[in-house]
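FYI, side chains are in, hydrogens and waters are out, and symmetry mates aren't considered; it's all heavy atoms of this structure. Naming: A, B, ... by sequence-line order, numbering from 1 per chain.
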Amino acid sequence: MGAAKRMRTNPRQLAAEVLNGLELSDLAESIEIAGPGFLNIRLSPSFLSDQLTDSTLLAETKNPKRVVVDYSSPNLAKEMHVGHLRSTVIGDAVARTLELAGHTVIRQNHIGDWGTAFGRLLAFLDDVGDEAAQDAELSDIEALYVEASQKFESDLAFANRSRSMVLALQAHEPTAIAKWEHFMMLAQQHMSEIYSRLDISLQPQDTRGESAYNSTIAPLISDLQKRDDVLVESEGALCIFMPEFKNKDGDIQPMIVQKSDGGYLYHTTDLAALRYRGETLHADRVLYFTDARQILHFEMLFAASRLANIVEPGVMLEHHPFGKILGNDGKPFRTRSGDNILLRDLIDEAIDRATSLIHEKNPNLDDEQQDEVAHAVAVGAVKYADLSKNRLHDYTFNWDEMLAFDGNTAPYLQYAYARISSIFEKGNIDMGQCSEPPRLDTEVERQLAVHLLRFQEVVEQVVADAKPHYLCSFLYELTVRFMRFYEHCPILSEEPQIRDGRLTLCSRTAATLKTGLDALGIRVLTRM
RNA sequence: GCGCCUGUAGCUCAAUGGAUAGAGCAUUGGCCUUCUAAGCCAACGGUUGAAGGUUCGAAUCCUUCCAGGCGUGCCA
């Protein structure tokens with residue numbers, strides 16, 4: 001119909017012409033024109049069956065790219081909290097999906113590990129004594145920072161020590177750097193623990209924080225200054241003026257690269273990081289996952305990098321923003337006292353809730369199985385609740401809905417996988433050995449088969465748009481179709497040919513569910 | 001003020017300019033001596049915030065308005 005629009009003809013008439021020219025008798029059972037000009041092609045059972053006999057779920061891309069994915073990127077003056085959840089979960093799912101599709105993914109955890117907050121923290125660690133600093137637990141980070149901030153407000157001498165600590169860091173003064181490194185080790189341990197519990201694929205070597213660009217900023221600014229049309233001094237600060245960005249007074253809004261006191265801003269570090277990603281990492285695409293408040297920041301960053309040729313023109317720069325997490329009251333999701341919800345507390349609560357639900361639903365699991373199921377269900381539920389929604393919108397965090405185990409939730413998909421596993425276990429059959437062509441005699445089998453063949457296109461859509469909810473919708477719909485099939489078609493009790501064909505359908509469904517959930521960073525379970 | 005985003009069933013969410021706007025939850029009613037009932041089947045539920053416009057066709061694109069959120073020079 002798009003073609004009809006361009007050709008300025010009647011879509012139904014064009015459909016008829018196309019239909020006359022089509023020769024699809026080897027794969028289609030029937031073709032008919034419907035509605036305003038759709039061609040409905042009903043694939044023949046033999047074609048579908050042939051497609052499913054091959055166990056390849058999807059073909060890798062013919063055009064592999066080097067893709068830098070910048071996500072999670074917490075500010076580590078604070079313990080990780082719910083504000084870091086969406087970037088971490090969505091970015092990880094997209095990174096995994098890109099890899100699944102055959103692209104080379106370079107994860108970049110652009111953590112906040114530099115700047116004024118660290119001056120406060122390190123000065124505070126000095127005050128509490130080296131021993132206490134050495135012994136500090138990961139969970140102390142938040143408390144230390146809160147105390148340090150309070151002291152910064154109330155204690156002038158401490159505030160001055162904090163500022164001189166920042167200077168000492170920037171000058172790479174050895175004792176200051178040693179303290180900073182010790183602190184960063186704690187922070188990395190903290191991140192690694194959270195990532196591990198959440199099944200996030202980020203590794204310590206993916207961490208490349210703001211501090212990593214400290215030494216490249218001065219050369220960057222110097223290079224920019226060689227082009228007199230880019231950097232302009234204004235009110236003591238070095239700025240890039242781009243006429244498309246206006247401030248509240250209608251004047252051009254500058255992108256400040258160097259503050260009037262000589263300090264650098266997030267714009268500056270991001271420019272240096274972008275240069276590194278182009279020149280050193282040789283990225284074809286750079287993806288950023290941050291909340292929607294940073295839209296303007298990234299528009300300016302990308303525009304400036306084009307203006308100053310920070311990256312090659314062919315490199316695709318993409319900011320993929322997301323909305324807020326809201327509580328049931330429609331306000332930002334926080335504790336009752338108004339604090340950020342820490343991720344370790346969120347994970348603990350998810351596992352507690354999942355454990356009690358599992359205990360109620362299936363008391364026959366032993367303790368070890370129960371723990372495994374509880375973890376997979378809890379983490380899967382939290383991640384899927386986020387991933388299954390269009391990331392551009394705010395979304396409402398609701399424990400009961402994400403752990404309800406019915407509807408479009410992770411546990412529903414995991415349950416389907418467990419049911420399939422159970423069939424193979426009961427029949428003592430190897431899931432990987434199914435090759436009998438399914439007969440697809442019933443409509444529910446047909447519907448399942450047709451859907452399985454769409455996996456490829458859905459993965460490509462996620463790769464193109466960085467929206468994992470496309471994949472969630474696909475997997476949910478796949479599961480619904482499988483559940484119908486499961487309820488309506490007996491398998492193990494059937495005669496061998498029908499039984500084995502249906503086992504092939506089960507096997508392909510299980511493999512697709514596992515591959516798809518893997519791409520989302522969610523575990524499957526053989527029993528639950 | 002200007003810019004960006006959002007507004008879809010009671011609730012949580014889908015819908016690549018296409019067919020009668022779809023799911024789940026909730027509510028109501030069915031289905032377990034047979035592969036896990038954490039399931040399946042069915043009913044109920046809509047002026048897509050409002051009004052115009054473009055189009056063969058609009059939740060989707062354009063204009064105006066309403067409501068909410070965010071951003072808007074030295075935080076990130």
Rounded off to whole Å, could you give me the [atom1]-to-[atom2] distance for the [X] and [N] pair?
X	N	atom1	atom2	value
A:L413	B:rG24	CG	P	14 Å
A:L392	B:rC4	CG	C1'	12 Å
A:F322	B:rC70	CZ	C1'	14 Å
A:D406	B:rU36	CG	P	20 Å

Report each atom pair, protein N/O against N/O of nucleotides 27-35 of chain B, whose distance is under 3.5 angstrom.
{"residue": "B:rC35", "atom": "O3'", "partner": "A:K426", "partner atom": "NZ", "Å": "3.4"}
{"residue": "B:rC35", "atom": "O2", "partner": "A:L492", "partner atom": "N", "Å": "3.2"}
{"residue": "B:rC35", "atom": "N3", "partner": "A:I491", "partner atom": "N", "Å": "3.2"}
{"residue": "B:rC35", "atom": "N4", "partner": "A:Y486", "partner atom": "O", "Å": "2.6"}
{"residue": "B:rC35", "atom": "N4", "partner": "A:C489", "partner atom": "O", "Å": "2.7"}

Base, sugar-phosphate or nothing for [X]? Non-hydrogen atoms, less than 4.0 Å.
X	answer
A:P36	base
A:N40	base
A:N390	sugar-phosphate
A:C239	base
A:M255	nothing
A:K248	base

When the [atom1] atoms of [M] and [N] are compared, how many Å lie between them, rounded to an integer?
N	M	atom1	answer
B:rG68	B:rC75	C1'	26 Å
B:rA51	B:rU8	P	16 Å
B:rG45	B:rC66	C1'	26 Å
B:rC31	B:rA50	C1'	46 Å
B:rG49	B:rC56	P	25 Å
B:rA59	B:rA9	C1'	14 Å
B:rC62	B:rG3	P	14 Å

Around atom CG of A:D367, are there more than 12 heavy atoms of other residues, nucleotides or ligands at under 6.0 Å?
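Incorrect, the count does not exceed 12.
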
Atom pairs under 3.5 Å, N or O on each side, protein against nucleotides 74-76 of chain B: can you list them with distances?
{"residue": "B:rC74", "atom": "O2", "partner": "A:S260", "partner atom": "N", "Å": "3.0"}
{"residue": "B:rC74", "atom": "N4", "partner": "A:E235", "partner atom": "O", "Å": "3.0"}
{"residue": "B:rC74", "atom": "N4", "partner": "A:E235", "partner atom": "OE1", "Å": "3.3"}
{"residue": "B:rC75", "atom": "OP2", "partner": "A:K259", "partner atom": "NZ", "Å": "3.0"}
{"residue": "B:rA76", "atom": "OP2", "partner": "A:Y266", "partner atom": "N", "Å": "3.1"}
{"residue": "B:rA76", "atom": "O3'", "partner": "A:E210", "partner atom": "OE2", "Å": "2.9"}
{"residue": "B:rA76", "atom": "N7", "partner": "A:Y266", "partner atom": "OH", "Å": "3.2"}
{"residue": "B:rA76", "atom": "N6", "partner": "A:Y266", "partner atom": "OH", "Å": "2.5"}

Which is it for A:T509 and A:L478 under the side chain to side chain contact (heavy atoms under 4.5 Å, CB included) test, yes or no, and what are the steps along the way?
CA-CA 8 Å; A:T509 302; A:L478 175 66; 4.2 Å; yes

Closest nucleotide of RNA chain B for A:F397 versus for A:F241: which of these residues is on the 5' side?
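Between the two, 5'-proximity favours A:F397.
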
So which one's nearest nucleotide on RNA chain B is more toward 5', A:R527 or A:R391?
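Nearest-nucleotide comparison on RNA chain B picks A:R391.
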
Would you say the ring centroid of A:H320 lies under 6.0 angstrom from that of A:F289?
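Aromatic pair counts; centres sit under 6.0 Å.
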
In residues 376-386 of chain A, what residues come within less than 4.0 Å of RNA chain B, judged by heavy atoms?
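Nucleic-acid contacts, sorted: none.
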
Enumerate the residues from residues 445-461 of chain A whose closest heavy atom to RNA chain B is under 4.0 Å, giving them by residue number; use none for an empty result.
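The answer is A:E457, A:Q461.
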
Tell me whether the rings of [X] and [Y] are parallel (<30°), tilted (30 to 60°) or perpendicular (>60°).
X	Y	value
A:H110	A:Y213	tilted
A:W180	A:W114	perpendicular
A:Y395	A:F397	tilted

State whether A:H393 places a side-chain N or O below 4.0 Å from either non-bridging phosphate oxygen (OP1 or OP2) of B:rG69.
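Indeed not, no polar side-chain atom of A:H393 lies that close.
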
Is the distance from OP1 or OP2 of B:rC11 to the nearest side-chain N or O of A:Y395 less than 4.0 Å?
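No.
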
Return yes if some donor-acceptor pair links the side-chain N/O of A:S356 with the main-chain N/O of A:R353 below 3.5 Å, else return no.
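Pair found, side chain donor or acceptor close to backbone of A:R353.
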
Does A:K78 use its side chain to pair, donor to acceptor, with the backbone of A:N75 at less than 3.5 Å?
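Such a contact is absent between A:K78 side chain and A:N75 backbone.
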
For the residue pair A:R208 and A:Y276, would you count it as a cation-pi contact if the rule is NZ or CZ under 6.0 angstrom from the ring centre and within 45 degrees of the ring axis?
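Yes, A:R208 and A:Y276 form such a contact.
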
Taking Watson-Crick (N1-N3 plus N6-O4 or O6-N4) and G-U wobble (N1-O2, O6-N3), each under 3.5 Å, can you produce the dot-bracket string of RNA chain B? Use [ ] for crossing pairs and | for inter-strand ones.
(((((((..((((....[...)))).(((((.......))))).....(((((..]....))))))))))))....

A:Y412 side-chain proximity, nearest of B:rG69, B:rG71, B:rC40
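Taking heavy atoms from C-beta onward, the closest nucleotide is B:rC40.
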
Looking at the side chain of A:Y415, which of B:rA38, B:rA15, B:rU12 is the nearest nucleotide?
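In terms of side-chain proximity for A:Y415, the closest of B:rA38, B:rA15, B:rU12 is B:rA38.
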
Got a list of side-chain donor-acceptor pairs under 3.5 Å for residues 409-418 of chain A, not counting sequence neighbours?
{"residue": "A:T409", "atom": "OG1", "partner": "A:Y412", "partner atom": "N", "Å": "3.4"}
{"residue": "A:Q414", "atom": "NE2", "partner": "A:A376", "partner atom": "O", "Å": "3.2"}
{"residue": "A:Q414", "atom": "NE2", "partner": "A:R523", "partner atom": "O", "Å": "2.8"}
{"residue": "A:Y415", "atom": "OH", "partner": "A:R419", "partner atom": "NE", "Å": "3.3"}

